[in-house]
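Heads up: the structure comes next, in structure tokens.
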Amino acid sequence: MNKMVSKGWKWSAGLIVLLFFLFYKIPVIQLDFGESIYYLKKDNFRLKWIHSVEKEEWIEWYERQGQELLLTKTSFKTFGAGVPSSADEVRTEDGYVTMRVDKSFPEMNLTVSENAHTTIESGGKNLLLYEFTEDYESVLISVQYLHFWEYMGGESL
């Protein structure tokens, strides 16, 4: 009889694990290029580009916060179009002005350009977005919740 009870517990535990994987969803940052979709393995990334007027690098730090993307800070070398008008904290370091922003977005529709060298850095990897799409096309960046098998079967970066 003890073997029957032992087998019952194993089957029950296996069923619970299976149900967990069927219903549990993993939050990911999704990059949707229209024809292809990629997922970032990390919960944060840096968006880098060369500003079209100042010709200097700009960097923005984002992290996944619940169902939104949180822009935590931005760094740039020169003041010009697009500079935040207010920030909680402003400092200078290594030739950059860095502003703490803390602004949430439900999603980002980002226009990609080879001229701007639009790049995402996440997990120590640089993803050259302009190599994934044509010039001046968009990538939609958002937080999505995927089933375990969708996450495992998808293209991760």
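These numbers come from a predicted model, not from an experiment.
The shortest non-hydrogen separation linking Thr98 to Lys73 is CG2-CD, 3.9 Å. Considering every non-hydrogen atom in both Leu47 and Ile120, the closest pair reads CD1-CG1, 4.0 Å. The two residues Tyr145 and Pro27 come nearest to each other via the heavy atoms CE2-CB, 3.4 Å. Residues Glu60 and Leu71 come closest through the heavy atom pair CB-CD1, 3.6 Å.
Cluster partners of Tyr96 are Ile59, Trp61, counting Ile, Leu, Val, Met, Phe, Trp and Tyr whose side-chain heavy atoms approach within less than 4.5 Å, directly or via other members.
Residues Leu40 and Leu128 are members of one and the same hydrophobic cluster, defined by side-chain heavy-atom contacts under 4.5 angstrom among Ile, Leu, Val, Met, Phe, Trp and Tyr. Residue Met99 is grouped with residue Trp49 when hydrophobic side chains (ILVMFWY) are merged at heavy-atom distances under 4.5 angstrom, including chains of intermediate members. Linking Ile, Leu, Val, Met, Phe, Trp and Tyr residues whenever their side-chain heavy atoms come within less than 4.5 Å leaves Tyr130 and Ile50 in two separate clusters.
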Quiz item: Would Glu57 and Lys48 count as a side chain to side chain contact (heavy atoms under 4.5 Å, CB included) if you check the C-alpha gap in whole Å, the side-chain angles of each, and the deciding distance to 0.1 Å?
Solution: CA-CA 7 Å; Glu57 183 179 55; Lys48 303 187 294 187; 3.8 Å; yes
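Looking at heavy atoms from C-beta onward, His147 lies in side-chain contact with Lys25 at the 4.5 angstrom threshold. The side-chain heavy atoms of Thr133 and Val139, taken from C-beta on, include no pair separated by under 4.5 Å. In this structure the side chain of Tyr39 reaches within 4.5 angstrom of the side chain of Leu146, judged on heavy atoms. Looking at heavy atoms from C-beta onward, Ile141 lies out of side-chain contact with Tyr62 at the 4.5 angstrom threshold. Put simply, the side chain of Arg100 reaches to within 4.5 Å of the side chain of Thr72, judged on heavy atoms. Ile37 is not listed as a side-chain neighbour of Leu31, based on a closest heavy-atom distance of 4.5 Å or more.
Note on ring orientation: taking the six-membered ring where Trp is involved, the planes of Phe132 and Tyr38 are perpendicular (angle over 60°, cut-offs 30° and 60°).
Here the NZ-NZ distance, from Lys125 to Lys42, works out to 9.5 Å after rounding to the nearest 0.5 Å. The structure places CZ of Arg46 at 8.5 Å from OG of Ser75, a figure rounded to the nearest 0.5 Å.
Donor-acceptor pairing under 3.5 Å is recorded for the side chains of Ser142 and Gln144.
Judged by distance alone, the side chain of Ser122 and the main-chain N or O of Asn44 form a donor-acceptor pair under 3.5 Å.
The 12-atom threshold is exceeded at CD of Glu63, counting heavy atoms of other residues, nucleotides or ligands nearer than 6.0 Å. Heavy-atom contacts from other residues, nucleotides or ligands closer than 6.0 Å to CD of Glu131 number more than 12.
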Pair up each side-chain donor or acceptor in residues 104-117 with any protein partner under 3.5 Å, not counting sequence neighbours, and list the distances.
from, atom 1, to, atom 2, distance (Å)
Ser113, OG, Asn115, N, 3.0
Ser113, OG, Ala116, N, 3.4
Asn115, ND2, Tyr136, OH, 3.1

